[in-house]
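Let me begin by presenting the structure, written as structure tokens, before commenting on it.
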Amino acid sequence: MRKVDLEEAINEKRAEMIELGMAKGLSSEETVICSQELDRLLNDYRRLTVVQDRSNSTLFQDDFLTIFQHLLKWIVRPYKLLLPYMSSRFF
């Protein structure tokens with residue numbers, strides 16, 4: 001289920017639970033069942049957003065690691081990178 005669909009389902013379930021709570025009371029069986037369904041939807045939404053955040057974080061970490069490795073090559077062995085451009089008259 002997509003994030004947008006879950007948000008819509010959560011809003012609908014929340015409205016339903018409020019109506020049931022006002023009409024039949026907060027401790028009625030129907031209200032409690034609706035509340036449990038809302039909890040499941042909220043948990044699904046949380047899981048979905050955590051997975052998306054992790055994948056974005058992983059992409060950022062991969063990019064950062066790649067950049068860091070390239071910088072390390074420049075810092076540690078600059079002469080090897082510049083060797084093709086140097087002529088013997090500079091030594």
Side-chain angles (χ1 to χ4, degrees):
M1 191 176 254
R2 294 180 329 169
K3 187 176 175 181
V4 174
D5 297 333
L6 270 173
E7 289 172 349
E8 186 177 326
I10 287 168
N11 289 331
E12 289 174 4
K13 189 57 72 173
R14 184 177 289 133
E16 179 185 348
M17 186 184 73
I18 290 170
E19 287 179 25
L20 284 171
M22 292 178 76
K24 298 186 179 191
L26 296 176
S27 59
S28 75
E29 186 176 346
E30 290 178 52
T31 306
V32 171
I33 290 171
C34 188
S35 174
Q36 291 170 344
E37 291 170 357
L38 177 60
D39 288 342
R40 278 192 285 276
L41 289 170
L42 290 169
N43 287 334
D44 291 343
Y45 183 82
R46 185 187 56 79
R47 280 188 210 102
L48 181 67
T49 55
V50 166
V51 167
Q52 288 176 348
D53 291 343
R54 283 185 184 164
S55 65
N56 291 340
S57 175
T58 303
L59 290 174
F60 174 76
Q61 290 171 351
D62 291 344
D63 290 344
F64 179 76
L65 184 61
T66 302
I67 291 169
F68 184 74
Q69 288 171 340
H70 287 293
L71 285 173
L72 192 61
K73 286 180 183 178
W74 277 93
I75 292 169
V76 174
R77 299 177 286 160
Y79 65 92
K80 288 187 178 181
L81 295 171
L82 296 174
L83 197 59
Y85 304 104
M86 294 182 175
S87 64
S88 59
R89 64 184 167 158
F90 293 114
F91 293 108

Atom pair [atom1]/[atom2] of [X] and [Y] - distance to nearest 0.5 Å:
X	Y	atom1	atom2	value
Glu16	Ser35	CD	OG	11.0 Å
Lys13	Leu38	NZ	CG	8.0 Å
Glu8	Leu41	CD	CG	11.5 Å
Arg14	Cys34	CZ	SG	11.0 Å

Query raised in the report: Would you say Ile10 and Glu7 make side-chain contact, with heavy atoms under 4.5 Å?
Result: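 SC-SC contact between Ile10 and Glu7 ruled out.
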
Query - Check: Arg47 and Asp44 side chains under 4.5 Å, non-hydrogen atoms - result: yes

Report task. Could you tell me whether a side-chain N or O of Thr31 sits under 3.5 Å from a main-chain N or O of Gly25, the two making a donor and an acceptor? Result -> yes

Query - Tyr45 backbone acceptor or donor facing Thr49 side chain under 3.5 Å - result: yes

Query - Greater than 12 external heavy atoms within 6.0 Å of Leu42's CG - result: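 Yes, enclosed.
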
